[in-house]
Amino acid sequence: MLFKQQALLRQKLFVLGSLAIGSVLYLVARVGTLDRLQPICPIESRLPPSEPEQIPLRTLQFKRGLLHELRKGNATKEQIRLHNLVQQLPRAIIIGVRKGGTRALLEMLNLHPAVVKASQEIHFFDNDQNYARGIDWYRGKMPFSFPHQITIEKSPAYFITEEVPERIFKMNSSIKLLIIVREPTTRAVSDYTQVLEGKERKNKTYHKFEKLAIDNNTCEVNTKYKAVRTSIYTKHLERWLKYFPVEQFHIVDGDRLIMDPLPELQLVERFLNLPSRISQYNLYFNATRGFYCLRFNIVFNKCLAGSKGRIHPEVDPSVVTKLQRFFHPFNQKFYQITGRTFNWP
Ligand code: A3P
């Protein structure tokens, strides 16, 4: 009898024990899942910016995974609803400058867990046909994101297109505007190189840079040449300043972004009121490519496409000097307005 009671007790203890262990295991698994579903770094609650640290990889992987599925169109409406994903209008736009390093800047900012990029240049504000499609069309071009994340798009043509400042102002008068600039003559040559490559691809011939940049009749700088005009940064900025106060712009040094990107990215994080999350871990120099590349996590890293970082043709030094002298007064004005000085000649 006593033996029977002991066996029964042992049996009960075993069942209770199993239930307890099961519950603990369930809780551990559940907490893990919930942790992954936590919104990533709600921006407001994390200010002021903390010390630089690595992006939490698990969070980042989850974000990338889900957003990647969405981009491929594989995510269901249920997943979108469940994770409270939305297509948000950009809170910041990289408005230019063409060949300043706009792609590198966008891709590098996208390393931040609170940033989601619009992959393509949308050309909403500079293209009349797109603009006529309305703001919902624009929003529909935006990637899915968590509500606390900010969406950023880049369309460098915005900087030089007359109608754009007013149109952006009408959408959001407090939007943050990023402009990435390079030494103006280098930028003009980079611009030329891109067009030249396009012509060569179509087996077409093209003028030499010198012929385009210098007016044959006057021997002065040809201000009708678009690559020259685009590099007169202050002229374009002054148009923008009719709509937005200077505090709403942040100037990124495109030459420094090439050589040493992290400090420039940290300045942008601060400007966007984001906690400092992009670290040296996320950026590594690739000697073959000759540029910094991006490391998202242990398995996923990438360099920019080969069309970024072309070899420039050699330009007659006297033409370079002429251009540098031409840009000089405009650069001074640009420094004065923006409060950011560069070591441009
Ligand atoms: P070059 O091709 O003249 O070297 P954009 O994206 O606005 O078209 O700018 C292109 C420029 O971005 C390139 O100009 C390149 O120098 C610069 N750039 C900056 N960081 C880069 C990076 N990490 N990888 C490749 N190109 C980068």
Side-chain angles (χ1 to χ4, degrees), residues 92-112 115 117-123 126 152-161 164 177-201 206 209 212-213 226-231 233 236-237 249-268 278-296 300-315 320 323-324 327 342 344:
I93 304 182
I94 301 171
I95 57 173
V97 179
R98 175 183 152 97
K99 306 321 294 172
T102 53
R103 173 57 59 187
L105 178 61
L106 182 71
E107 297 295 331
M108 287 174 181
L109 289 177
N110 189 51
L111 286 162
H112 197 293
V115 170
K117 61 161 186 178
S119 293
Q120 307 294 324
E121 290 182 10
I122 301 179
H123 290 282
D126 62 308
I152 302 187
E153 82 125 325
K154 76 118 180 162
S155 295
Y158 290 167
F159 186 58
I160 57 161
T161 309
V164 173
L177 301 163
L178 293 160
I179 307 174
I180 178 162
V181 290
R182 274 163 91 188
E183 190 280 306
T185 304
T186 313
R187 197 220 63 82
V189 176
S190 172
D191 201 330
Y192 166 82
T193 311
Q194 171 156 313
V195 178
L196 175 70
E197 195 185 283
K199 301 275 181 197
E200 282 173 350
R201 222 180 305 122
Y206 195 44
F209 176 79
L212 294 166
K226 197 173 166 194
V228 167
R229 279 210 317 272
T230 303
S231 283
Y233 304 139
H236 302 287
L237 183 61
F249 296 85
H250 177 75
I251 310 298
V252 178
D253 182 343
D255 294 309
R256 190 156 170 236
L257 194 85
I258 297 174
M259 309 299 288
D260 184 17
L262 188 59
E264 281 303 314
L265 296 170
Q266 287 171 336
L267 289 176
V268 180
I278 303 171
S279 71
Q280 206 59 68
Y281 171 83
N282 301 120
L283 301 156
Y284 67 96
F285 187 77
N286 182 315
T288 322
R289 193 67 183 75
F291 283 98
Y292 275 88
C293 295
L294 288 65
R295 181 186 289 121
F296 288 85
F300 183 48
N301 51 46
K302 71 167 187 182
C303 298
L304 263 59
S307 59
K308 304 292 173 187
R310 296 185 178 99
I311 296 169
H312 297 179
E314 257 186 53
V315 177
V320 171
L323 280 166
Q324 288 174 343
F327 287 125
F342 300 95
W344 298 337

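If you read the sequence from its start, that first residue is 1, and numbering goes on from there. We count ligands from 1, going down the list as the structure has it; atoms in each ligand are counted the same way. In this text, all values refer to a predicted model and were calculated from it rather than measured experimentally.
- In this structure L265 satisfies the side-chain contact (heavy atoms from CB on, under 4.5 Å) test together with L105, M108, L109, L257, P261, I278, L283, sequence neighbours excluded.
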Please tabulate protein-ligand N/O pairs under 3.5 Å for ligand 1, atom names and distances to 0.1 Å.
{"unit_1": "ligand 1", "atom_1": "2 (O)", "unit_2": "G309", "atom_2": "N", "d": "2.9"}
{"unit_1": "ligand 1", "atom_1": "2 (O)", "unit_2": "R310", "atom_2": "N", "d": "2.9"}
{"unit_1": "ligand 1", "atom_1": "3 (O)", "unit_2": "R182", "atom_2": "NH1", "d": "3.4"}
{"unit_1": "ligand 1", "atom_1": "3 (O)", "unit_2": "S190", "atom_2": "OG", "d": "2.6"}
{"unit_1": "ligand 1", "atom_1": "3 (O)", "unit_2": "H312", "atom_2": "NE2", "d": "2.6"}
{"unit_1": "ligand 1", "atom_1": "6 (O)", "unit_2": "T102", "atom_2": "N", "d": "3.4"}
{"unit_1": "ligand 1", "atom_1": "6 (O)", "unit_2": "T102", "atom_2": "OG1", "d": "3.4"}
{"unit_1": "ligand 1", "atom_1": "6 (O)", "unit_2": "R103", "atom_2": "N", "d": "3.0"}
{"unit_1": "ligand 1", "atom_1": "6 (O)", "unit_2": "K308", "atom_2": "NZ", "d": "3.1"}
{"unit_1": "ligand 1", "atom_1": "7 (O)", "unit_2": "K99", "atom_2": "N", "d": "3.1"}
{"unit_1": "ligand 1", "atom_1": "7 (O)", "unit_2": "G100", "atom_2": "N", "d": "3.4"}
{"unit_1": "ligand 1", "atom_1": "7 (O)", "unit_2": "G101", "atom_2": "N", "d": "3.1"}
{"unit_1": "ligand 1", "atom_1": "7 (O)", "unit_2": "T102", "atom_2": "N", "d": "2.8"}
{"unit_1": "ligand 1", "atom_1": "7 (O)", "unit_2": "T102", "atom_2": "OG1", "d": "2.6"}
{"unit_1": "ligand 1", "atom_1": "8 (O)", "unit_2": "K99", "atom_2": "NZ", "d": "2.9"}
{"unit_1": "ligand 1", "atom_1": "8 (O)", "unit_2": "K308", "atom_2": "NZ", "d": "2.9"}
{"unit_1": "ligand 1", "atom_1": "9 (O)", "unit_2": "G101", "atom_2": "N", "d": "3.0"}
{"unit_1": "ligand 1", "atom_1": "14 (O)", "unit_2": "R182", "atom_2": "NH1", "d": "3.0"}
{"unit_1": "ligand 1", "atom_1": "23 (N)", "unit_2": "Y292", "atom_2": "O", "d": "2.8"}

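- Every residue two or more places apart in sequence or in another chain that forms a salt bridge (charged side-chain N to carboxylate O under 4.0 Å, His left out) with R98 is listed here: D191.
- Looking at every heavy atom in both residues, D255 comes nearest to W344 through OD2-NE1, 3.7 Å.
- For the pairing with S231, the side-chain hydrogen bond (donor to acceptor under 3.5 Å, both in side chains) check across R187, H236, R182, K226 returns one residue only, R187.
- L294 is listed as a side-chain neighbour of L304, based on a closest heavy-atom distance under 4.5 Å.
- Checked against side-chain contact (heavy atoms from CB on, under 4.5 Å), T193 has the following partners two or more places apart in sequence or in another chain: V189, R310, H312, P313.
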